[in-house]
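Comments concern the structure below.
As a basis for the values below, the full set of heavy atoms in this structure was taken, side chains included, without hydrogen atoms, waters or symmetry mates. Chain identifiers are assigned alphabetically (A, B, ...) following the order of the sequence lines, protein sequences preceding nucleic acid strands; residue numbering begins at 1 within each chain.
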Amino acid sequence: MVDIRLTNTKTRTKHSLVPIDPQNVRLYLCGPTVYDRAHLGNARPVVVIDVLVQLLRHVYGADHVTYVRNFTDVDDKINARAAETGRPIRDITDETIGWYHADMDALGAARPDHEPRATDYIPQMITMIENLIDSGHAYAVEGHVLFEVRSFADYGKLSGRSVDDMIAGARVEVAPFKRDPMDFVLWKPSSGDQPGWDSPWGYGRPGWHIECSAMSEELLGTSFDIHAGGIDLQFPHHENEIAQSCCAHPQGEFARVWLHNEMLQVEGKKMSKSLGNFFTVRDLLDKRVPGEVIRFVLLSTHYRKPMDWTAEKAQTAEDTLWEWRVLTKDVEPAAEPDPRVIEALADDLNTAGAISVLYTLKDDPAKLLASARFLGLLRPELGDWVARDLAVIDSMAISVKDGIATLTQKMTDLREKAMESKDFSTVDSLKAALTEAGVEVRMSKTGVELIAGPRLDAAKLGALL
RNA sequence: GGCGGGUUGGCGGAGAGGUUACGCAGCGGAUUGCAAAUCCGUGAAGACCGGUUCGAUUCCGGUACCCGCCUCCA
């Protein structure tokens, strides 16, 4: 049995994973609030956890892992979007979920076993809130229900903060009806035009944190193995989830292991709209950055380190993947991935280390293929980008393949003449033009070989015919 | 102000208390009409200052700088 070691944010230490039930290893990943396209930062945990799930299924069996990722479809950002556009909330959230699926599919991330929508679990949230009030951990006031942080001694433990320190830090919203400035909302009133549900505290809607507590309980139980998300969620979101779940179910452990990925940067800076370096996964795909390339770059930095997205990295990744795809074309994958890949992943999900193993497998394409696929790379469904430039030269109804064949003959003829005349100028100029068009030119004693490269420019190629 | 993370060779990026990471780029050679590709070989590192140790880039402490969270955020 492979020993999987993961760094638990709760203990700040790397431990061996010991599932509560090896027959059903349970994992929850905080999913998106569905009001807009997923940006690149949203994709990082999805891809990282996709690899973890693959590893868990490999170790414990495909049917012995339950992976849950929620959709937050009730949120003030969604309400704001609805108010801006005049569209029904359900239209917006349905559409956004569709985008999300398409974009994450393009990155080769498998769908979770369950993708609960918050609005489908309102009764469970209300039950949990009632439970918290009854047990003295929450109080209702002015149509709100608030969680009383002073009632939970471990509040702040996950993020290493104390309630007193945070209040000293000051920047907390202080509503007059809060018993303590750090108390957070479980339920809040809705006005007529806001989404809402009837509850014991009046018409209203849930606070953000309660949904994950209610849905993880419903789908995974009061104790489960792994809870994952971006490090920015550590506080307050995950801290509040712990408070809710542990107070509602003192007998449960809630999540045993907390996995947090570090943030993503772009060209060394925080991705932000004001810096003009904000972009979504779809933006990249539309710019013809293959999903497989995005995945490769996301996996090439360890998840617990800040990851810097740069155009240069994407280019290098594309070149590498191109080379590997050429190398493994028509190759049957080996039965098992290289054990070093498994070992690297088992060691706190060292995806960068696992990729480095792939580089050593050039002499064994079958093993390379099997190993890369374990990371979700070189899979057939992500390979369209390799073929896309080999389709058709628009201006003339001729395939790139035929064009290459014609040019190969032309080059061969020119070269033979040049060999006699010793004047290579025409050969060299055609070679330069081909290179410029993204074609690799190989000439040897046996002849000329032209190979379409990853950055083939079909228009330029067409011009040479 | 409070909490947390980071700093590795030209660039990207890992592991390991003592032995080559790896990739890209570079350099030398083979090869080539010249190249490309390929093959062979090769230089180059661990922010700074201390401590522990026979020995630290790897452990501990401090300094500097960068980043994140504390407000919606993966």
Side-chain angles (χ1 to χ4, degrees), chain A residues 9 12 29-33 35-36 38-49 69 72 75-78 80 156 158-173 182 208 228-239 259-265 268-272 296-308 310 312-317 319-320 323 326 340 343-344 347-348 350-362 415 418-425 427-428 431-432 434-435 439-445 448-451 453:
Chain A
T9 310
R12 288 149 222 283
L29 172 65
C30 281
T33 300
Y35 67 104
D36 205 349
H39 64 248
L40 190 58
N42 292 308
R44 169 121 104 141
V46 173
V47 170
V48 166
I49 295 305
R69 184 182 64 208
T72 298
D75 181 275
D76 287 347
K77 285 195 291 290
I78 303 171
L158 176 71
S159 50
R161 300 152 196 252
S162 76
V163 174
D164 292 326
D165 285 349
M166 285 184 280
I167 290 168
R171 290 162 66 186
V172 284
E173 175 198 351
M182 292 307 296
W208 171 36
I231 188 69
D232 54 333
L233 294 180
Q234 183 186 29
F235 187 90
H237 184 54
H238 290 160
E239 199 72 71
L259 281 192
H260 288 111
N261 61 277
E262 254 293 347
M263 296 292 96
L264 179 127
Q265 297 181 304
K269 293 187 178 123
K270 182 181 179 176
M271 181 162 77
S272 75
F296 186 104
V297 173
L298 291 176
L299 292 178
S300 65
T301 296
H302 186 93
Y303 76 94
R304 291 182 58 245
K305 284 198 172 182
M307 137 111 240
D308 192 18
T310 66
E312 190 185 353
K313 278 186 189 176
Q315 192 55 257
T316 305
D319 290 345
T320 299
E323 185 188 338
V326 169
R340 292 172 299 165
E343 180 45 42
D347 184 11
D348 201 21
N350 185 355
T351 52
I355 287 175
S356 74
V357 171
L358 302 185
Y359 289 112
T360 69
L361 296 173
K362 286 182 187 174
R415 185 154 173 266
M419 289 288 203
E420 290 172 20
S421 69
K422 300 296 176 197
D423 176 8
F424 288 92
S425 57
V427 177
D428 285 343
K431 182 177 79 178
L434 285 165
T435 303
V439 178
E440 194 181 291
V441 180
R442 298 184 185 179
M443 284 183 276
S444 66
K445 281 172 181 159
V448 174
E449 190 181 4
L450 300 184
I451 296 170

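- Look at CE on M263(A): it is 5 Å from C1' on A74(B), rounded to the nearest Å.
- Residue R44(A) is classed as having no contact, given no heavy-atom separation below 4.0 Å to the nucleic acid.
- Distances shorter than 4.0 Å separate some side-chain N or O of T301(A) from OP1 or OP2 on G13(B).
- Two residues, I355(A) and G31(A), neighbour RNA chain B, and the one matched to the more 5' nucleotide by heavy-atom proximity is I355(A).
- Straight-line distance from the CD1 atom of I451(A) to the C1' atom of U38(B): 11 Å, rounded to whole Å.
- If you check every strand for non-hydrogen atoms under 4.0 Å, E449(A) touches nothing.
- The CG atom of D36(A) sits 11 Å away from the P atom of A74(B) (whole-angstrom rounding).
- Between R304(A) atom CZ and A74(B) atom P there is a gap of 21 Å when expressed in whole angstrom units.
- Rounded to an integer number of Å, the gap from D348(A) CG to A14(B) P is 12 Å.
- The phosphate of G13(B) (OP1 or OP2) has a side-chain N or O of K313(A) nearer than 4.0 angstrom.
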Using the 3.5 Å cut-off, write out each protein N or O paired with an N or O of nucleotides 29-34 of chain B and the distance between them.
from	atom 1	to	atom 2	distance (Å)
U32(B)	OP1	K445(A)	NZ	2.5
G33(B)	N1	D428(A)	OD1	2.9
G33(B)	N2	D428(A)	OD1	3.3
G33(B)	N2	D428(A)	OD2	2.7
C34(B)	O2	K431(A)	NZ	2.8
C34(B)	N3	K431(A)	NZ	2.9

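- With rounding to whole Å, H302(A) atom NE2 is found 16 Å from A16(B) atom C1'.
- Note on L264(A): a base of the nucleic acid sits closer than 4.0 angstrom, heavy atoms only.
- Counting non-hydrogen atoms under 4.0 angstrom, N261(A) reaches a base of the nucleic acid.
- Rounded to an integer number of Å, the gap from CZ of F296(A) to C1' of A14(B) is 13 Å.
- Checked by atom type, the side-chain pair S425(A)/D423(A) shows a donor-acceptor distance below 3.5 Å.
- Residue K305(A) has a polar side-chain atom (N or O) positioned under 4.0 Å from OP1 or OP2 of U7(B).
- For the pair R340(A) CZ and A21(B) P, the interatomic distance rounds to 16 Å; values are reported in whole Å.
- Each of G229(A) and V441(A) lies near RNA chain B, and the nucleotide nearest V441(A) is the one positioned closer to the 5' end.
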